[in-house]
Amino acid sequence: MRTVNVALIGYKFMGRAHSNGLRQAAAFFDLPYRPALKVLCGRDRAATQQVAERFGWEEVATDWQEVVNRRDIDVVDIVTPGDSHRDIAVAAAKAGKHVICEKPLANTLVEAKEMWAAVKKAGVVNLCNFNYRRVPAVRLAKRLISEGALGTIRHYRGTYLQDWIVDPNFALVWRLRKEAAGSGALGDIGAHSIDLARYLVGEVTDLTALTKTFIKERPLPTATTGLTATAGREMGKVTVDDAALILARFEGEAIGTFEATRFALGRLNYNRFEINGSRGSIAFNFERMNELEFFSGDDPKDRQGWRVIQATEGAHDFVSAWWPPGHGLGYEHAFAHAFVDFLRGMAAGKSPDPDFREGAQVNAVLDATLRSAESGQWVKVEHIQ
Ligand code: SOE
């Protein structure tokens with residue numbers, strides 16, 4: 001079996017999620033290639049080295065440019081903050097590498113389109129990792145919709161609620177700075193809801209939105225690890241949204257709402273959608289990620305009601321490779337599933353979904369949201385070819 005050498009650029013929260021996903025994919029699934037954890041790249045050599053040792057990366061490096069141009073690297077996986085996605089992905093594609101990039105694809109629509117153009121031109125396999133697509137219950141939702149169990153879809157209701165920055169003394173981490181993250185709750189978590197809506201319902205054609213920043217200044221961080229940081233004495237400006245609300249029209253009949261906030265006290269990773277169609281409805285909440293709620297209007301009237309399906313059986317996508325039926329999966333599994341689909345895609349010469357075009361399409365919705373929030377108008381969403 002051929003070995004495929006992977007280079008991972010970034011080593012913190014997503015670096016650990018991807019390192020683990022790659023290892024687990026190789027251990028639990030039958031894959032067309034044997035993935036090797038070849039190089040882990042980060043600017044802080046000592047910190048990168050520590051993560052590399054824990055997850056079994058063969059080498060560490062501090063210069064991504066050198067890494068993406070190495071002849072022995074087949075796949076470049078990008079998990080850095082959004083401000084470096086474009087440069088790394090474009091360079092990797094130019095060097096003929098297959099590319100994975102964490103969501104959102106880029107900080108701006110212009111950058112996202114450049115990334116899509118670069119992978120298209122190079123003819124390399126590409127994936128923008130929106131992890132929630134690969135949760136078995138979400139895959140079941142997709143299957144029910146494709147089979148027509150919901151009929152004509154009329155409503156998409158996406159809410160992504162967290163509360164980790166409610167404290168005004170929580171430090172100004174990179175996710176709260178526009179130069180690094182592009183936008184706030186909108187691009188970080190709203191992007192997931194938008195991706196799920198596109199996956200399950202179709203394209204958003206036009207929208208109107210509002211954004212709000214509740215806490216305008218925060219202490220600058222002295223040290224950061226993943227999502228958390230130690231607050232220093234000096235203050236800095238928050239330059240992104242804390243919350244975003246969108247009212248949207250889809251192609252076809254559906255209309256939708258989106259709410260993304262990090263100020264919903266008590267909600268931890270409440271990534272929920274409810275979809276209502278002419279024949280049925282479904283609801284999913286990541287806080288109960290192994291369950292899908294389904295209501296069928298086709299059931300006899302006297303026994304209609306919401307049923308809770310445990311998406312933990314061999315009949316559900318990805319599940320049989322893991323544990324015996326009924327044992328359930330967690331947050332980290334969807335990252336392994338992304339590598340499974342990516343490596344299979346490489347063998348078939350076809351990018352798995354969502355590819356960079358789809359990633360850029362999410363950026364087009366984010367871009368329309370920010371334009372609408374500024375102008376107060378309804379705006380059209382650009383269609384990415
Ligand atoms: C933080 O808001 C975060 O980790 C996001 O960056 C992820 O994309 C989301 O899956 C969970 O929350």
Side-chain angles (χ1 to χ4, degrees), residues 1-4 6 8 13-37 51 54-57 77 100 102 127 129-147 149-150 192 195-196 199-200 268-275 280-296 299 303 305-348 352-354:
M1 199 199 280
R2 203 193 122 195
T3 297
V4 156
V6 180
L8 180 63
F13 173 24
M14 278 304 109
R16 287 161 61 236
H18 282 235
S19 301
N20 177 62
L22 192 49
R23 289 186 67 101
Q24 302 284 26
F28 282 85
F29 288 81
D30 294 326
L31 299 175
Y33 302 116
R34 184 183 310 109
L37 286 75
V51 178
R54 283 182 177 233
F55 287 93
W57 287 91
D77 184 6
I100 303 173
E102 254 306 311
L127 167 74
N129 187 42
F130 279 101
N131 54 307
Y132 299 111
R133 276 192 187 209
R134 290 186 168 81
V135 168
V138 173
R139 295 284 281 242
L140 176 61
K142 174 75 176 168
R143 199 189 303 167
L144 287 169
I145 291 170
S146 307
E147 288 172 1
L150 267 59
H192 282 298
D195 178 66
L196 289 171
Y199 180 52
L200 297 167
L268 304 177
N269 203 27
Y270 188 96
N271 174 8
R272 183 176 190 275
F273 61 77
E274 178 167 319
I275 303 176
S281 295
I282 47 175
F284 169 81
N285 176 1
F286 181 75
E287 290 183 352
R288 303 181 73 93
M289 66 167 284
N290 288 295
E291 299 176 357
L292 184 71
E293 292 183 72
F294 175 46
F295 178 96
S296 176
D299 285 344
R303 62 210 66 173
W306 283 90
R307 63 187 91 152
V308 181
I309 303 169
Q310 297 296 318
T312 55
E313 305 306 294
H316 298 118
D317 288 1
F318 301 114
V319 170
S320 61
W322 295 99
W323 313 114
H327 285 66
L329 301 190
Y331 172 69
E332 71 275 24
H333 292 88
F335 292 87
H337 302 160
F339 286 109
V340 170
D341 285 349
F342 192 82
L343 291 164
R344 290 181 179 160
M346 274 176 65
D353 70 88

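Side-chain contact between Trp322 and His327 is absent, with no heavy-atom pair separated by less than 4.5 Å. Put simply, the side chain of His316 does not reach to within 4.5 Å of the side chain of Thr312, judged on heavy atoms. Within the 4.5 Å cutoff, the side chain of Leu343 has heavy atoms near those of the Val4 side chain. Counting heavy atoms from C-beta outward, Pro35 and Met346 have side chains that stay 4.5 Å or more apart.
Closest approach of Trp57 to Leu37, counting heavy atoms only: CE3-C, 3.2 Å. Taking both residues in full, the closest heavy atoms of Ile145 and Leu150 are given as CG1-CD2, 3.8 Å, listed atom of the first, atom of the second, then distance. In terms of heavy-atom proximity, Pro136 sits nearest to His337 at CD-CE1, 4.3 Å. Residues Ala336 and Ala25 come closest through the heavy atom pair O-CB, 3.6 Å. Considering every non-hydrogen atom in both Met1 and Tyr33, the closest pair reads SD-C, 3.4 Å. Nearest heavy atom pair, residue Phe28 against residue Ala321, reads CD2-O, 3.4 Å.
Of the listed residues (Tyr199, Phe273, Tyr132), just one forms a ring pair (Phe, Tyr, Trp, His ring centres under 6.0 Å) with Phe284, and that residue is Phe273. Of the candidates Gln24, Met14, Arg16, Phe335 forms a side-chain contact (heavy atoms from CB on, under 4.5 Å) with just one, namely Met14.
Using a cut-off of 4.0 Å between Lys/Arg side-chain N and Asp/Glu carboxylate O, Lys142 and Asp317 are scored as not salt-bridged.
When the shell of 6.0 Å around CZ of Arg143 is examined, it contains more than 12 heavy atoms from other residues, nucleotides or ligands. The number of heavy atoms from other shown groups lying within 6.0 Å of CZ (Arg288) does not exceed 12.
With hydrogens and angles ignored, the 3.5 Å screen pairs a side-chain donor or acceptor of Glu287 with a backbone N or O of Leu268. Under the 3.5 Å distance criterion, the side-chain polar atoms of His333 are left unmatched by any main-chain donor or acceptor of Tyr331. Remark: the backbone N or O of Leu329 is paired with a side-chain donor or acceptor of Asn290 at under 3.5 angstrom.
Distance check, rounded to the nearest 0.5 Å: CZ of Phe55 to CG of Leu22 gives 11.0 Å. In this structure, Glu293 CD and Asn285 CG are separated by 8.5 Å, a value rounded to the nearest 0.5 Å. In this structure, the separation between CH2 on Trp306 and CZ on Phe294 is 9.0 Å, given to the nearest 0.5 Å. Within the model, atoms CZ of Arg23 and NE2 of His18 stand 16.0 Å from one another, a figure rounded to the nearest 0.5 Å. In this structure, Leu196 CG and Arg133 CZ are separated by 7.5 Å, a value rounded to the nearest 0.5 Å. Here the straight-line distance linking atom CZ of Phe342 with atom CG of Leu31 works out to 13.0 Å at 0.5 Å rounding.
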For Leu144 and Leu292: C-alpha separation, side-chain torsions, deciding distance, then whether side chain to side chain contact (heavy atoms under 4.5 Å, CB included) applies.
CA-CA 11 Å; Leu144 287 169; Leu292 184 71; 3.8 Å; yes
For Leu200 and Ile275: C-alpha separation, side-chain torsions, deciding distance, then whether side chain to side chain contact (heavy atoms under 4.5 Å, CB included) applies.
CA-CA 9 Å; Leu200 297 167; Ile275 303 176; 3.9 Å; yes
Report the C-alpha distance between Gln310 and Glu291 in whole Å, list the side-chain angles of each, state the deciding distance to 0.1 Å, and finish with yes or no for side chain to side chain contact (heavy atoms under 4.5 Å, CB included).
CA-CA 5 Å; Gln310 297 296 318; Glu291 299 176 357; 3.5 Å; yes
Run the numbers on His192 and Asn271 for side chain to side chain donor-acceptor pair (under 3.5 Å), then give the verdict.
CA-CA 8 Å; His192 282 298; Asn271 174 8; 5.5 Å; no
